[in-house]
Amino acid sequence: MTTEQDESWFDPDATTFGDRVAGARERAGMSQSEMAKRLGVKLKTLKGWEDDLSEPRANKLSMMAGLLNVSLLWLLSGEGEGPDSPTTGALEPDINGLLTEIRDIRTQIAYSTDRLGRLEKTLRARLMEQAGE
């Protein structure tokens, strides 16, 4: 049985960036400290994002989208692929474990992509320096 509150748990016209982050995090079953640890940020930083006091950089935003299994567009604007609306029953532990593993892999991929971009930028700069010598 779904309630009216369950059906309207997310209102794209009323939610802020911080609301979407907090809602998606809760929907993913993560605590603030767990999400902060997975993103490699301080708990205070994550709380600032959820309270709309600050916003993450692009690399953390991308990691967050992967970790929460939502689109980047949804995090920023509320449009696009967001978390599924709540279900009435809990997921079986093995399914929840698979979803957690998928989120972890997405986060690792986002982190690796960011790291690869930084390494490429450093390599280009060094090649330019070497060519100029």
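We're numbering straight along the sequence, starting at 1.
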On a heavy-atom basis, which atom in [X] and which in [Y] lie closest, and how many Å separate them?
X: Trp49; Y: Phe17; result: O-CD2, 4.1 Å
X: Ser71; Y: Ala65; result: C-CB, 4.2 Å
X: Asp52; Y: Gly18; result: OD1-N, 2.7 Å

key: Note, Met63 side chain near Arg38 side chain (heavy atom, < 4.5 Å)   =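 In short, these two side chains do not touch, never coming nearer than 4.5 Å.
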task = For residues Leu67 and Met30, determine if any side-chain heavy atom of one lies less than 4.5 Å from a side-chain heavy atom of the other.
result = yes
To the nearest 0.5 Å, tell me how far [X] [atom1] sits from [Y] [atom2].
X: Gln130; Y: Leu123; atom1: CD; atom2: CG; result: 9.5 Å
X: Gln32; Y: Thr45; atom1: CD; atom2: OG1; result: 11.5 Å
X: Lys44; Y: Leu53; atom1: NZ; atom2: CG; result: 10.5 Å

Any sub-3.5 Å donor-acceptor pair from [X]'s side-chain atoms to [Y]'s backbone N or O?
X: Arg20; Y: Leu76; result: yes
X: Ser77; Y: Leu73; result: yes
X: Lys60; Y: Leu39; result: yes

task = Output, in order, the C-alpha distance, side-chain angles, deciding distance and verdict of side-chain hydrogen bond (donor to acceptor under 3.5 Å, both in side chains) for Ser62 and Asn59.
result = CA-CA 5 Å; Ser62 178; Asn59 63 329; over 6 Å; no
inquiry  = Taking CZ in Arg118 as the centre, count heavy atoms belonging to other residues, nucleotides or ligands within less than 6.0 Å. Is the count above 12?
reply    = yes
task = Determine, stepwise, if the pair Leu68 / Met35 fulfils side-chain contact (heavy atoms from CB on, under 4.5 Å).
result = CA-CA 9 Å; Leu68 298 173; Met35 184 165 160; 3.8 Å; yes
ask   = Could Arg25 and Glu50 be called an ion pair, given the rule that one side-chain N must be under 4.0 Å from one carboxylate O?
value =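 Glu50 and Arg25: salt-bridged.
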